[in-house]
Amino acid sequence: MILRDLSIEDWSMDKYEKVIALARRRGFIWPAFELYGGAAGFYDYGPLGAPLKRKIEDLWREFFVIKEGFCEIECPTIGVEEIYVASGHLSGFSDPLTECKECGEIYRADHLIKHIIEVPDALSGEEIYTVIKENDIFCPECSGDLSQIYEFNLMFKTTIGPGSKQAGYLRPETAQGMFINFPRLLRYYRDRLPFGAVQIGKSYRNEISPRQGVIRLREFSQAEAEIFINPKDKSHPRFDEVEDLKLILYSEEDQEKEGGQPREMTIKEAVDKGIIAHQILAYYVARTYQFLMEAGLSRDRLRFRQHKKDEMAHYAADCWDAEASLERFGWIELVGVADRTDYDLRSHMAQSRTNLTVFVPFDKPRREEKLVVKPDMKKLGPIFRNKAKAVAEALKSLDAEELEKETISVVVDGETVEIGSDLVSFEMVEETIRGEEIVPHVIEPSFGIDRILYTVLEHSCYEEMVDEETRTVLKLRPKVVPIQVAVLPLMDKDELMAPAKEITDALKARGIYVEYDSSGSIGRRYRRNDEVGTPYSITVDYETLEDKTVTIRDRDSMAQVRAGVDQLPDTIPALLREELEFGEAGVPLRS
RNA sequence: GCGGCUGUGGUCCAGGGGUUAGGACAUGAGCUUCCCAAGCUUAUAGCCCGGGUUCGAUUCCCGGCAGCCGCACCA
């Protein structure tokens, strides 16, 4: 049976272990700082991992920068304190912790008093501590005394400048860079909505206990797009391009419902039925799906799950996560596509006291009758002194009917004030309103590159039995594969190596990433290349010397064709672009 | 962060208070007209870090770090 075919290691290792072992051995992912014992939550990308990551990012650029036309910017990874006051990361990103003085166990202090205070978030650390003391709450484990509350913030903190008191924080997301550059971006796009800006870069979160390897990192790469839209228009002009796309959606309703299951449906259906809030959000869910497919995820291990109300960030109106199924971890979030509404811009408006609005002209200017109230400040001033301004403001809020009275009464500071009609004049003025100032809403597709990279590895990793040996293959998509072609002289003899090197150079001249390898048997080299996903191998043999043909071998099928050396610079790129079927690349050889 | 288990060449594993720590696989060099991890010769390479006990520690003890599992945490 199958049992016989698998070695003991195969049974004891789960897929995560196998993929990580492969990734480590072949130079994709390494634990960082290994020389000095390592640090949890940090990984290096090795010689194959770095190009794989770069290619995934480039594919993302192709989708969001080139096709969507969003500009790419690059902001500092260290941010000043105000940003994170506004974004809420300084307060909301930290947890109040308390420690048992007896057994040392650490608890979320707000969780311990949940049954007493309904909204513990609103309390300060000291207030929580008071509640704990007053209600005789002790360590749930050993009933020991609990310590004072201290805050654990997930942001890395530093100081800016020598001896400086100015705090700096390593950014916990790249998104804020786009928000705080909103005025300049708006100008760059010549004051018109919608527009988008993206950033690909590192973010940092000082996780309490990062496990799960590359799934939860303290330093990680994000690719985020912030799309600024007019909240009054949530349609998308290119919606028709994606509306028939079928994908697996797991709506909030289906999650809550007994026996509710993810359902396959078209994007159009999802919007029509109100499952996805609006076209724009649905459009980017669809593009996200297309991107992940291109990157090489397997379709049946991908779904889009809607955030439940209680897990949704307080600012978000709707949020869909692209989730991938991993053998060890189950469904994990790779991408979040959120409608962040105007939360971020409003927060930064308040914090920075600037105006982050856009003037949106109406289709047709409107004529509006408007009541203009003119308090006579020359007279009001001497009468009301320092209250004069408040009185004037109160008068301006009245309607025509009130103002027509002989004696007008307004309430100022809780006091009713009577004002003679001679102290204020008013008139109806007709004015033209050409548009309005609005705070844009933000749609945010946010991608976790490291998780996507790992998922690409896991989803493309196959083991199959060939002649009673296990063949490990990474079926990476040609778009993201680090090594595109291997050139292999059948043996490392000078007469074979010379033409092989010529082929290598010819392909390099075409911008192809070629690996030349002459060591070990040809079969061994094929397997080595299978393991790192090299899609095609070119073998130079003695026949090559006679008729200038070589063997091209296909990674997935192991099939071979015989092709002329001169054609390689054309056929190989065509194969890699998936414009040419492997069988057409030469004369098929029987295996 | 707490508790349990673990830490030996690149990888997987053996061993052990005392001279040169052993194997397999992988890797390098060489041989072999070699198309799917063949064979032969040969080489390189290791006891996680710090402290303690001891004449002597890779081995025993303590601490740190890392990994795995459970708990907590996961904006």
Side-chain angles (χ1 to χ4, degrees), chain A residues 7-9 12-14 16-17 20-22 24-27 30-42 84 87-95 97-100 102-108 111-112 121 139-142 152-155 172-173 203 205-213 215-218 311-315 328-329 332-333 336 464 466-473 488-493 495-496 518-531 537-545 550-555 557-560 562 589-591:
Chain A
S7 63
I8 288 168
E9 291 84 45
S12 61
M13 282 169 93
D14 69 8
Y16 174 80
E17 257 174 293
I20 284 295
L22 170 68
R24 230 192 266 208
R25 189 156 35 88
R26 300 308 308 273
W30 291 326
F33 321 122
E34 235 184 339
L35 196 61
Y36 292 105
F42 297 97
Y84 303 111
S87 71
H89 285 100
L90 253 181
S91 51
F93 215 55
S94 68
D95 299 324
L97 300 181
T98 181
E99 192 175 339
C100 172
E102 302 295 325
C103 69
E105 187 67 63
I106 290 176
Y107 300 97
R108 282 277 299 266
H111 286 184
L112 292 177
D121 295 8
C139 173
E141 283 296 312
C142 72
F152 181 80
N153 193 282
L154 255 45
M155 283 193 293
E173 62 174 19
S203 292
R205 292 172 195 182
N206 201 359
E207 299 284 355
I208 296 172
S209 170
R211 294 241 187 114
Q212 306 168 323
I215 303 303
R216 246 173 97 212
L217 297 171
R218 288 186 164 128
E311 69 179 307
M312 198 133 56
H314 53 289
Y315 48 76
R328 177 184 284 195
F329 305 116
I332 63 147
E333 174 192 353
E464 53 191 44
V466 178
D467 298 335
E468 293 178 30
E469 296 270 4
T470 309
R471 182 173 90 111
T472 307
V473 201
L488 315 168
L490 192 62
M491 295 195 294
D492 59 346
K493 295 285 190 191
E495 61 266 36
L496 296 182
S518 65
S519 75
S521 77
I522 188 68
R524 177 186 298 270
R525 280 176 278 162
Y526 284 152
R527 295 302 168 80
R528 273 207 287 248
N529 276 292
D530 287 340
E531 214 179 42
S537 300
I538 295 168
T539 307
V540 174
D541 54 23
Y542 285 94
E543 240 178 281
T544 312
L545 303 179
V550 290
T551 304
I552 310 176
R553 174 205 184 248
D554 177 54
R555 173 195 70 198
S557 63
M558 295 168 64
Q560 299 184 321
R562 199 73 193 176
L589 294 179
R590 59 168 204 280
S591 49

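In the text below, chain A, chain B and the rest are named by the order of the sequence lines, each starting its count at 1.
- Distance check on atom C1': B:G9 versus B:C68 gives 23 Å, rounded to whole Å.
- Remark: A:Asp554 engages A:Tyr536, A:Asp556, A:Ser557, A:Phe582 in a side chain to side chain contact (heavy atoms under 4.5 Å, CB included) (not counting sequence neighbours).
- Across all strands, A:Asp530 comes closer than 4.0 Å to no nucleic acid atom at all (heavy-atom distances).
- Per the geometry, CG belonging to A:Leu488 stands 14 Å off C1' belonging to B:A37, to the nearest Å.
- Comparing B:C34, B:A37, B:C36 against the side chain of A:Met558 picks out B:C36 as the nearest.
- Across B:A43 and B:G10, the matching C1' atoms stand 16 Å from one another, rounded to whole Å.
- Between the CG atom of A:Asp554 and the P atom of B:C36 there is a distance of 16 Å, given to the nearest Å.
- The 5' end of RNA chain B is approached more closely, in terms of each residue's nearest nucleotide, by A:Glu34 than by the other of A:Glu34 and A:Asp541.
- Residues A:Ala39 and A:Phe33 come closest through the heavy atom pair CB-CD1, 3.8 Å.
- Rounded to a whole Å, the CE atom of A:Met491 is 15 Å from the C1' atom of B:A38.
- Rounded to the nearest Å, the gap between the P atom of B:C71 and that of B:G18 is 41 Å.
- In this structure A:Glu207 satisfies the salt bridge (Lys or Arg N to Asp or Glu O under 4.0 Å) test together with A:Arg216, sequence neighbours excluded.
- Rounded to an integer number of Å, the gap from A:Leu154 CG to B:A72 P is 18 Å.
- When the C1' atom is compared between B:A26 and B:U20, the two are found 25 Å apart, to the nearest whole Å.
- Between B:G56 and B:U19, the distance separating the two P atoms is 16 Å to the nearest Å.
- A:Arg471 places its CZ atom 12 Å from the C1' atom of B:A37, with the value rounded to the nearest Å.
- Take A:Arg553 and apply the side chain to side chain donor-acceptor pair (under 3.5 Å) test, not counting sequence neighbours, and it matches A:Asp530.
- Residue A:Arg527 places its side chain closer to B:A37 than to any other of B:A37, B:C74, B:C35.
- Distance A:Ile208 CD1 to B:A72 C1': 9 Å, rounded to the nearest Å.
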- prompt: In the 5'-to-3' direction, what one-character label does each nucleotide of nucleotides 24-31 of chain B receive under the scheme B = base within less than 4.0 Å of a protein heavy atom, S = sugar-phosphate only, - = no such atom?
  reply: --SSS---
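- For the pair A:Gln560 and A:Ser537, the minimum side-chain heavy-atom distance is 4.5 Å or more.
- Under the rule for a side chain to side chain donor-acceptor pair (under 3.5 Å), the partners of A:Arg562 that lie at least two apart in sequence or sit in another chain are A:Asp541, A:Thr549, A:Thr551.
- Within the 3.5 Å criterion, the main-chain N or O of A:Gln212 finds no donor-acceptor partner in the side chain of A:Arg328.
- Look at CG on A:Asn206: it is 11 Å from P on B:G1, rounded to the nearest Å.
- Applying the salt bridge (Lys or Arg N to Asp or Glu O under 4.0 Å) rule to A:Glu531 yields the partners A:Arg25, A:Arg26; only residues at least two apart in sequence or on another chain are considered.
- Side-chain proximity of A:Ser209 to the nucleotides B:C34, B:C36, B:G1 is greatest for B:G1.
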Please list, for nucleotides 64-68 of chain B, all pairs of protein and nucleotide N/O atoms separated by less than 3.5 Å.
unit_1 : atom_1 : unit_2  : atom_2 : d
B:C65  : O2'    : A:Gly37 : O      : 2.9
B:A66  : OP1    : A:Ala40 : N      : 3.2
B:A66  : O4'    : A:Gly37 : O      : 3.2

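- Qualifying side chain to side chain donor-acceptor pair (under 3.5 Å) partners for A:Glu469, counting only residues two or more places apart in sequence or in other chains: none.
- The base of B:C35 lies close enough to the side chain of A:Gln560 for a donor and an acceptor atom to sit less than 3.5 Å apart.
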message: Let's go through A:Val466 and A:Arg527 carefully: what are the C-alpha distance in whole Å and the side-chain angles of both, what is the deciding distance for side chain to side chain contact (heavy atoms under 4.5 Å, CB included) to 0.1 Å, and is it a yes or a no?
response: CA-CA 11 Å; A:Val466 178; A:Arg527 295 302 168 80; 3.7 Å; yes
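- The same atom, C1', is picked in B:C12 and in B:G7; the two are 14 Å apart, to the nearest Å.
- To the nearest whole angstrom, the two P atoms, one in B:A29 and one in B:U44, are 15 Å apart.
- Contacts of A:Glu495 classified as side chain to side chain contact (heavy atoms under 4.5 Å, CB included), with partners at least two apart in sequence or in another chain: A:Lys493, A:Tyr542, A:Leu545.
- Evaluation of the side chain to side chain contact (heavy atoms under 4.5 Å, CB included) rule for A:Met155 yields A:Tyr84, A:His89, A:Leu90, A:Phe93, A:Asn153, A:Tyr169, A:Pro172 as partners, not counting sequence neighbours.
- A sub-4.0 Å separation between OP1 or OP2 of B:A38 and a side-chain N or O of A:Ser521 is present.
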statement: Read 5' to 3' with Watson-Crick or G-U pairs under 3.5 Å, [ ] for crossing pairs and | for partners on another strand, RNA chain B gives (((((((..((((....[...)))).(((((.......)))))....(((((..]....))))))))))))....
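- Ring-base stacking between A:Tyr542 and B:U33 is satisfied, the centre separation being under 5.5 Å and the plane angle under 30°.
- Distance A:Leu490 CG to B:A38 C1': 14 Å, rounded to the nearest Å.
- The side chain to side chain contact (heavy atoms under 4.5 Å, CB included) check on A:Arg24 picks up A:Ile20, A:Trp30, A:Pro31, with sequence neighbours excluded.
- Here the separation of B:U53 from B:C65, taken at their P atoms, is 23 Å to the nearest Å.
- For A:Arg553 against B:C36, a side-chain-to-base donor-acceptor contact under 3.5 Å is present.
- Listed here is the closest heavy atom pair of A:Val550 and A:Thr539: CB-O, 3.4 Å.
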